[in-house]
Amino acid sequence: MIPIAKPLLGAEEKEAVMRVLESGMLAQGEKVKEFEKAFAEFVGVKHAVATSNGTTALHAALLAHSIGKGDEVITTPFTFIATANAIRMVGATPVFVDIDEKTFNLNPRLLEKAITGNTKAIIPVHLFGQSCEMDKIIKISKKHHLLVIEDACQAHGSSHNNKKVGSFGTGCFSFYPTKNMTTGEGGMITTNDEEIAARARKIISHGQEKKYHHDMMGYNFRMTNIAAAIGLCQLQKLSEFNAQRKTNANFLLEGLKGITGVVIPHVGTDHVFHQFTVRITKKFGKSRDKVADFLKQKGIETSVFYPLPIHKQKSYPEYHTQSFPVAEKAAEEVLSLPVHPGLTLQDGKIIINALRELKNDA
Ligand SMILES: *Cc1c(COP(=O)(O)O)cnc(C)c1O
């Protein structure tokens, strides 16, 4: 089976973890600090705060910006549930704006219509590894005095106009095993704002600055030294991983060109291909789910990110009457194909040939 995702862990990670185990310092400590420093440098920001996962990074970032009850936060309905759930966790209200058909990212041209007197922040999600149109989003945020918290959980190393994602506003990253780099579970908040970094640091550790003196309400959202040790190794390999993803993506883009009913990804800006997501449209002659079944038979694992936009989720009943047609259509058509750095050229050929074979049968 060609898997849809596969973390690449080598001898470096194993040795680094062993060294932490031998040190006996398993919880947050020096390794975490080292990882934070290296990650901040990589993103091009002054501060980074490591967290237990991407969801807690978003949660803590919202709290650090004092977003809560009565505040509206604008985001996309076409994302992993964590983006919207984090907004709810702090008691704020998610407000959805439909996506751009080509990029699957929040459509900045629809953004201003959604802004009200209660809007406090925008969470653009750099979906599938491609940056949102940050120039437009930042311009609108400045005009309306809104905070920008980037959900960069799928876009480590991606950039927009040569500026890395996670450096436009407050950035949130995830290091889950399927992401472009991993720590097992883990997350990171990036910012140039010293005060936000200091608040986030307290929030992830029970509001504590001085030991057992708790200045504010907080949580245990800390990263372990074990995770950080893996993260340091993975960060060193990230550029190589992303280059391989791009190579794989270019191979697929070329090979899938011209198949009627298969819409290949639009690459408008630096894209680190967390996912290689095509649309299977009616013109293909077979449904998206049939295509997924056929590829599975051929030994190719695929995935649908995401089959249900957030406003259609059972856990979001108050949004069920709302309509975001571009997101809804995407949910019906998208299919993500393997593009991870462990993919071989041969795997790529198998994927391309399988889709071409199925099309000829249609
Ligand atoms: C993975 C992901 C998250 C959450 O990260 P976890 O580490 O799984 O908590 C949030 N938003 C997006 C877009 C993601 O892909």
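Small disclaimer: the values here were computed from a predicted structure and weren't measured. Atoms within each ligand, like the ligands themselves, are counted from 1 in listed order.
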Considering only distance and modelled atom types, tabulate donor-acceptor pairs under 3.5 Å from the side chains of residues 106-115, sequence neighbours left out.
unit_1: Asn107; atom_1: OD1; unit_2: Arg109; atom_2: N; d: 2.9
unit_1: Asn107; atom_1: OD1; unit_2: Arg109; atom_2: NE; d: 3.2
unit_1: Asn107; atom_1: OD1; unit_2: Arg109; atom_2: NH2; d: 3.4
unit_1: Arg109; atom_1: NH1; unit_2: Glu133; atom_2: OE1; d: 3.3
unit_1: Arg109; atom_1: NH2; unit_2: Asp100; atom_2: OD2; d: 3.0
unit_1: Arg109; atom_1: NH2; unit_2: Glu133; atom_2: OE2; d: 3.0
unit_1: Glu112; atom_1: OE2; unit_2: Lys143; atom_2: NZ; d: 2.8
unit_1: Glu112; atom_1: OE2; unit_2: His144; atom_2: NE2; d: 2.6

Side-chain heavy-atom pair His126, Met134 within 4.5 angstrom cut-off: yes
side-chain contact (heavy atoms from CB on, under 4.5 Å) involving Ile350 - partner list, sequence neighbours excluded: Ile2, Ile300, Gln346
Thr93 side chain near Val73 side chain, heavy-atom distance below 4.5 Å: no
Heavy-atom check, side chain of Thr55 versus side chain of Asn85, under 4.5 Å: no
Suppose we screen for side-chain contact (heavy atoms from CB on, under 4.5 Å). Which residues come up paired with Lys329, at least two apart in sequence or across chains? Arg279, Glu333
Check each N or O atom of ligand 1 against all protein N or O atoms and list the pairs under 3.5 Å, with atom names and distances to 0.1 Å, one per line.
unit_1: ligand 1; atom_1: 5 (O); unit_2: Ser174; atom_2: OG; d: 3.3
unit_1: ligand 1; atom_1: 7 (O); unit_2: Gly54; atom_2: N; d: 2.8
unit_1: ligand 1; atom_1: 7 (O); unit_2: Ser174; atom_2: OG; d: 2.7
unit_1: ligand 1; atom_1: 9 (O); unit_2: Asn53; atom_2: OD1; d: 3.4
unit_1: ligand 1; atom_1: 9 (O); unit_2: Gly54; atom_2: N; d: 3.3
unit_1: ligand 1; atom_1: 9 (O); unit_2: Thr55; atom_2: N; d: 2.9
unit_1: ligand 1; atom_1: 9 (O); unit_2: Thr55; atom_2: OG1; d: 2.5
unit_1: ligand 1; atom_1: 11 (N); unit_2: Asp151; atom_2: OD1; d: 3.3
unit_1: ligand 1; atom_1: 11 (N); unit_2: Asp151; atom_2: OD2; d: 2.8
unit_1: ligand 1; atom_1: 15 (O); unit_2: Gln154; atom_2: NE2; d: 2.8
unit_1: ligand 1; atom_1: 15 (O); unit_2: Lys179; atom_2: NZ; d: 2.7

